[in-house]
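Here is the structure we will look at.
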There are 4 protein chains.
Amino acid sequence: MGAVKSKRMPRAERERQMLDAAVEIIGRHGYTAASMDDIAELAGVSKPLVYLYLNSKDDLFTACIRREAAALTRAVRAAVRPDLPAERQLWDGVQAFFTYTAEHPDGWTVLHLQARTHGPKFAAEADAMRAEMAAFVTRLIASAARESHPACDLPAHEVAGLATALIGSAETLADWANTTDGVTAAHAATTLMNFAWSGLGNLMTGNHWTAPDPA
Amino acid sequence: MGAVKSKRMPRAERERQMLDAAVEIIGRHGYTAASMDDIAELAGVSKPLVYLYLNSKDDLFTACIRREAAALTRAVRAAVRPDLPAERQLWDGVQAFFTYTAEHPDGWTVLHLQARTHGPKFAAEADAMRAEMAAFVTRLIASAARESHPACDLPAHEVAGLATALIGSAETLADWANTTDGVTAAHAATTLMNFAWSGLGNLMTGNHWTAPDPA
Amino acid sequence: MGAVKSKRMPRAERERQMLDAAVEIIGRHGYTAASMDDIAELAGVSKPLVYLYLNSKDDLFTACIRREAAALTRAVRAAVRPDLPAERQLWDGVQAFFTYTAEHPDGWTVLHLQARTHGPKFAAEADAMRAEMAAFVTRLIASAARESHPACDLPAHEVAGLATALIGSAETLADWANTTDGVTAAHAATTLMNFAWSGLGNLMTGNHWTAPDPA
Amino acid sequence: MGAVKSKRMPRAERERQMLDAAVEIIGRHGYTAASMDDIAELAGVSKPLVYLYLNSKDDLFTACIRREAAALTRAVRAAVRPDLPAERQLWDGVQAFFTYTAEHPDGWTVLHLQARTHGPKFAAEADAMRAEMAAFVTRLIASAARESHPACDLPAHEVAGLATALIGSAETLADWANTTDGVTAAHAATTLMNFAWSGLGNLMTGNHWTAPDPA
DNA sequence: TATGAATGAGAATTCATTCAT
DNA sequence: TATGAATGAATTCTCATTCAT
């Protein structure tokens, strides 16, 4: 997996190799267990060069998070056609999400776990992406509600909670698919839609769940 | 928050203080950023005593995970009365879950984030708890299905996926409640039931979600 | 091997147990690798008691060296009858020496190796014993010379060198016997006499070895 | 004695400096009393560099033992001309041995004492050298026997014992020469030949020592 | 652009030793 | 006599980071 050693290549490409190496090592061993030595070696360059380009371990990690977040976001966005119905948009986005996370397990680990466990600075980077995902889902829920039940209005803060819940399911199912034999991205995607969509449908019709009698 | 410094106490009590300190520091700063010095200081003892009682940083972390997992599990179990209907059991359990995680944010972080990001050994400890939660939810879904729609049968592996999705929602909502002003445990609990229960209800009636026409 | 745990015994006996344990552990693992914890545990007492009786690790080691040196010296002395001829005295002493070292390998290691490798303080303790052995051998050589070749006079410093050489052989042969299968104490004793005695005989007759022509 | 502090030198040279420092410190203070800090300081470098090059305290020690063993072996071998008579070969080798040990007392201590008192791993390293010395001496004894008394045959295991005894004398005399004022390498060498050679001569003529009447 | 040489700062861990009972 | 509780002081080792070329 280590890049073939070849001297003198353009900066952009070298940087990509370094980030590749960093994502792989951080994803597999964790941020703190990942040493700059290991990363430099896997990237096929000397450590000073890593510092020359990426500046510090923190910056390197930040760059990893940003790159992986951007790539995941891009993949999802590319799959969604805003002119289609909300349900369809969600389905397409969800499929793209699970496909991407299955194909980039180290990147997913970096985003989902590593970025969130090593201090607020990195967590904030990852949260930016989650916020974008949440905004996307929120928009869809709202628009689905408008489409199908113009009368109903779900209060904004409630929609935020639902979006959070849906994203939480998605994240956990992505881990589940990545670590459970026989569970594919398609599988995870269907499970998520099954789990989430009809519940959401009910809510949009004003059909809230009510707590059972506390007797 | 550090224990009042008072010398010479029985081992069991000292050990508890140490675990308290460790959970707090690890929860706030992360496992690797937490130094044994900091933990010992917060516990009000010298480092050698920590080693004498807990043996190593790894063992200390493991002990934290186990203790917190046991406490959370216990809280949920204590809230659930197995003779009540499934929906009610779920509701009670969910409430207990969010209440506990809100009251023990450091412990929750240790379980939910730290334990999963520092190697398989610790992840396995946390997974044991997740498996128990999943089993609980799985049982409830199955029993709810039996209660209300004896005719329907959801295949086991599908139920497993749904349980995973539900737990994922719960975990994420717990984080959300802990980090978002104005969101209470009760709030999170209601959101989760809203989100999950009616969807589950549909599935139990055999009413699966179907993918929109791919055209 | 550890002493049976029984409370409240006379000081002398307890001390013996502690020294037994210390010799065993130090002999097998080396002085620095031997921890006071291990020694106390093997002796079946608590660490503070070891300190109460033996004062410090240094003092404990010193006590071990002295005890083992005294025991070895005593064994050799007991085997020698000063009224017999020198050759016979040497032979009896050598046999006793190899028998004792074979039966007390840990004690022998403490004396021969450990005492000499952890600073001058301990080395001096062991040297006292070597000096005594050397004096014994020196006396024998001188008396043998007198017995058989009254005319000859070996200068004192030369005798000292020969005694050192003989003792060096003996020490090394003791290690060799202790670590080589099939080599007994009797074997080692015979080898030593074979090696040393006839050479000494020659010297006593004034028959010195002379360097070959350096051509 | 510490190297003049001059930065930036090739790795091989730095490594040599480190080994020099390590041999000196370990030889004088013992393996366990020698701290990596001390060694690094004497070598004129920072501790991390010692670890970078030599890997661990254990490996550093092993490297010391090997280097010193090789140097001593080389010195002896260089002094011996295999085409000369056995006695002459032994005499030359013995002289070289005592000369070398006198000129490198720390190295000799490392080999003779330290290597043998800190666990089997290091002892095995030193034993390799002793085995080589023993083989050399064994060969010489056998060849001397053949040269002068073709009729006699000393059994192999007996020769091994004699070689061990001779080497033991040599080692002890080396210590003696290093620690006794007025005793030179030449002195020690002559003493050893005096002590050993005529005894060996007797044995080769079949003239074994026999135990005195046990009466 | 690229690297071999080098380090400051701090981490976990251990150990001989003592106190209070 | 005997011990459970506790610690000061090291020690090995690692790592992010920089210098000189």
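In what follows, every chain begins at residue 1, and chains take the letters A, B, ... in the order their sequences are listed.
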Look for any protein N or O under 3.5 Å of an N or O in nucleotides 8-11 of chain E and output each such pair with its distance, or none.
none

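- Closest-nucleotide positions on DNA chain E for C:Ser56 and A:Leu52 were compared, and the one nearer the 5' end corresponds to A:Leu52.
- A:Tyr53 has a side-chain polar atom (N or O) that falls below the 4.0 Å cut-off from OP1 or OP2 of E:dA2.
- Of all the heavy atoms in A:Leu113 and B:Thr117, the pair that sits closest is CB-CG2, 3.4 Å.
- Atoms CZ (D:Arg14) and P (E:dA5) sit 10 Å apart, rounded to a whole Å.
- Ion pairing of B:Asp175 with A:Arg130 is absent here, as no side-chain N (NZ or NE/NH1/NH2) approaches a carboxylate O to less than 4.0 Å.
- Electrostatic pairing of D:Lys121 and D:Glu125 does not count as a salt bridge here, judged by no charged N lying under 4.0 Å from a carboxylate O.
- Taking atom CG of residue D:Asp59 and atom P of nucleotide F:dT12, one finds them 14 Å apart after rounding to whole Å.
- Across all strands shown, C:Arg11 has no heavy atoms under 4.0 Å from either base or sugar-phosphate atoms.
- E:dA12 atom P lies 17 Å from atom CG of B:Leu49, rounded to whole Å.
- Across all strands shown, E:dT21 pairs with F:dA2; the Watson-Crick or G-U wobble distances both stay below 3.5 Å.
- Distance OH (D:Tyr51) to P (F:dA16): 18 Å, rounded to an integer number of Å.
- At most 12 heavy atoms of other shown residues, nucleotides or ligands fall within 6.0 angstrom of atom CZ in D:Arg66.
- B:Lys57 contributes no side-chain N or O that, together with a main-chain N or O of B:Tyr51, makes up a donor-acceptor pair within less than 3.5 Å.
- One N or O on the side chain of A:Gln114 and one on the backbone of A:Tyr31 form a donor-acceptor pair closer than 3.5 Å.
- Note: NE2 (A:His29) to C1' (F:dT14) measures 16 Å, nearest angstrom.
- A straight line from CG of A:Leu54 to P of E:dA2 spans 14 Å, rounded to a whole angstrom.
- Base-pair partner of E:dG8: F:dC15 (Watson-Crick or G-U wobble, both distances under 3.5 Å).
- Remark: P of F:dC15 and OH of A:Tyr31 are 13 Å apart, rounded to the nearest angstrom.
- Rounded to whole angstrom, the span from the CD atom of A:Glu15 across to the P atom of E:dT1 amounts to 11 Å.
- A donor atom on one side chain and an acceptor atom on the other are not found under 3.5 Å apart for A:Tyr53 and A:Asp59.
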